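Structure record follows, encoded as structure tokens.
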Amino acid sequence: MTTTRILVTGGAGFIGSHYVRTLLSPDGPPDVAVTVLDKLTYAGNAANLDEVRDADGFAFVRGDICDPELVGKLVSEHDQVVHFAAESHVDRSILDADAFIRTNVLGTQTLLDAVLRHGLGTFVHVSSDEVYGSIGRGSWPETDPLRPNSPYAASKASSDLLALAHHRTHGLDIRVTRCSNNYGHHQFPEKVIPLFITNLLDGMPVPLYGDGLNVRDWIHIDDHVRGIELVRTGGRPGEVYNIGGGNELSNRELTGLLLRECDAGWDMVTFVEDRKGHDRRYSVDFTKIRTELGYAPRKELATGLAETVDWYRTHRSWWEPLRQRAERWAS
Ligand code: NAD
């Protein structure tokens with residue numbers, strides 16, 4: 001059996017590490033070797049990979065996707081890239097967008113340059129529904145124009161366009177995924193769900209932006225990771241695939257569910273000034289990945305949230321040190 005050598009950028013983060021753990025689990029494909037390239041920024045955590053550290057075919061390289069020499073060497077030694085590495089927190093991009101442009105745009109360009117120089121099979125570029133902007137009614141198909149609003153979303157949209165341009169101009173096998181809001185275990189406690197859960201577990205109030213009526217579609221990381229694997233193994237070069245969870249909730253509704261799971265009441269909620277340029281609603285139409293690749297979200301939201309709260313309840317040693325790194329603010 002030929003082994004496919006996959007380079008996973010950002011594989012020490014929330015979603016990337018779950019992707020790697022899933023690939024190298026007993027239920028993963030039998031024919032893959034995985035190298036993680038991760039800078040270990042404040043959001044990266046080597047402990048997220050403890051489960052697979054001794055697995056056959058696993059390697060970890062600490063480094064920056066903006067480093068052309070390192071990236072060139074690694075790309076030349078691999079068959080495929082799944083690209084997660086990014087600055088991912090919208091609020092931070094509002095305070096200072098510099099690292100977002102460097103990693104999300106220039107880092108992606110550095111990877112694409114290396115692929116062009118050394119050749120590669122498939123390159124999966126992991127992107128976000130935020131690139132589409134905000135939508136009042138209905139859902140975005142992949143053909144909708146990109147109208148990003150936050151600096152984070154603009155940096156992701158830029159990298160999507162660069163990736164797709166390298167398919168059209170150079171014929172590279174680039175596939176783009178655009179996913180809705182993820183939740184699950186191992187998420188850094190600055191994002192809204194783990195921030196609220198860890199605050200509530202500590203008996204502290206939670207900050208709800210504006211009127212709390214912004215709507216997001218929530219997807220469990222198991223479903224996102226399965227969608228990415230379907231695109232890596234069966235998607236078409238040059239195509240974009242939306243990946244959704246089918247769980248649209250206002251932030252108020254989400255807060256209500258988390259309060260219930262944590263046995264807390266609305267007295268624990270502080271309404272705070274809205275995020276600048278806060279997109280009102282996101283909604284992806286994921287018919288394409290459903291019909292082409294047989295994707296369907298499987299994790300029921302109530303079950304997924306209960307499991308997530310339980311995980312944070314039983315993994316204090318994972319998140320307590322991270323909270324000192326994070327500003328207590330919602331995503
Ligand atoms: P995360 O912040 O948890 O992880 C990002 C990882 O990238 C970290 O391990 C970090 O150390 C690493 N990294 C950052 N800069 C780097 C650099 N210059 N070189 C090498 N590594 C670097 O993010 P996440 O939530 O796991 O998101 C992963 C990807 O999925 C991102 O591209 C994000 O845009 C996308 N995405 C996230 C969501 C979500 O809800 N979290 C939704 C859709 C898409």
Side-chain angles (χ1 to χ4, degrees), residues 7-21 35-49 60-68 70-71 74 81-93 98-111 124-132 148 150-160 163 176-195 216-221 223-225 227-228 231 240-245 247 282 284 286 308 319 322 325-326 330-331:
L7 179 64
V8 178
T9 72
F14 166 49
I15 307 168
S17 69
H18 193 53
Y19 180 70
V20 173
R21 290 190 303 268
T35 303
V36 167
L37 169 61
D38 199 296
K39 187 178 174 183
L40 297 182
T41 65
Y42 79 95
N45 188 345
N48 290 351
L49 295 165
F60 179 81
V61 176
R62 184 171 189 178
D64 192 330
I65 58 165
C66 300
D67 175 347
L70 175 64
V71 166
L74 288 172
V81 170
V82 182
H83 175 34
F84 292 92
E87 286 294 334
S88 68
H89 193 44
V90 175
D91 296 59
R92 286 178 187 264
S93 79
D98 188 60
F100 288 75
I101 305 309
R102 206 159 4 91
T103 288
N104 301 3
V105 184
L106 298 177
T108 300
Q109 180 60 36
T110 305
L111 283 161
V124 179
H125 175 69
V126 179
S127 187
S128 161
D129 61 358
E130 304 201 18
V131 298
Y132 294 114
S150 72
Y152 162 72
S155 70
K156 292 298 288 186
S158 309
S159 60
D160 283 25
V176 174
T177 61
R178 292 189 185 136
C179 188
S180 58
N181 278 45
N182 284 228
Y183 74 97
H185 48 86
H186 290 93
Q187 187 169 27
F188 194 85
E190 66 185 349
K191 304 281 169 61
V192 65
I193 289 184
L195 176 81
R216 300 292 182 262
D217 167 34
W218 290 96
I219 180 173
H220 190 269
I221 39 168
D223 288 324
H224 186 188
V225 157
I228 290 171
V231 171
V240 178
Y241 295 89
N242 288 339
I243 305 176
N247 296 306
Y282 299 146
V284 282
F286 53 99
T308 303
W319 57 263
L322 302 183
R325 288 198 228 159
S331 148

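As the structure is a computational prediction, the values presented were derived from the model and not from experiment. Start at 1 and go down the list; that is how both ligands and their atoms are numbered. The first residue of the sequence shown is numbered 1, and numbering continues consecutively from there.
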Cation-pi check, Arg92 onto Tyr42 ring (under 6.0 Å, within 45° of axis):
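Output yes; distance and angle both within limits.
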Can you tell me if [X] uses its side chain to pair, donor with acceptor, with the backbone of [Y] under 3.5 Å?
{"X": "Asp217", "Y": "Gly245", "value": "yes"}
{"X": "Thr9", "Y": "Phe84", "value": "yes"}
{"X": "Thr103", "Y": "Phe100", "value": "no"}
{"X": "Asn104", "Y": "Arg102", "value": "no"}
{"X": "Asn48", "Y": "His18", "value": "no"}

Please output the residues near ligand 1 using a strict heavy-atom distance under 4.0 Å, listed in chain and residue-number order.
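Lining ligand 1: Gly10, Ala12, Gly13, Phe14, Ile15, Asp38, Lys39, Leu40, Thr41, Ala43, Gly44, Gly63, Asp64, Ile65, Phe84, Ala85, Ala86, Ser88, Thr103, Val126, Ser127, Ser128, Tyr152, Lys156, Cys179, Ser180, Asn181, Asn182.
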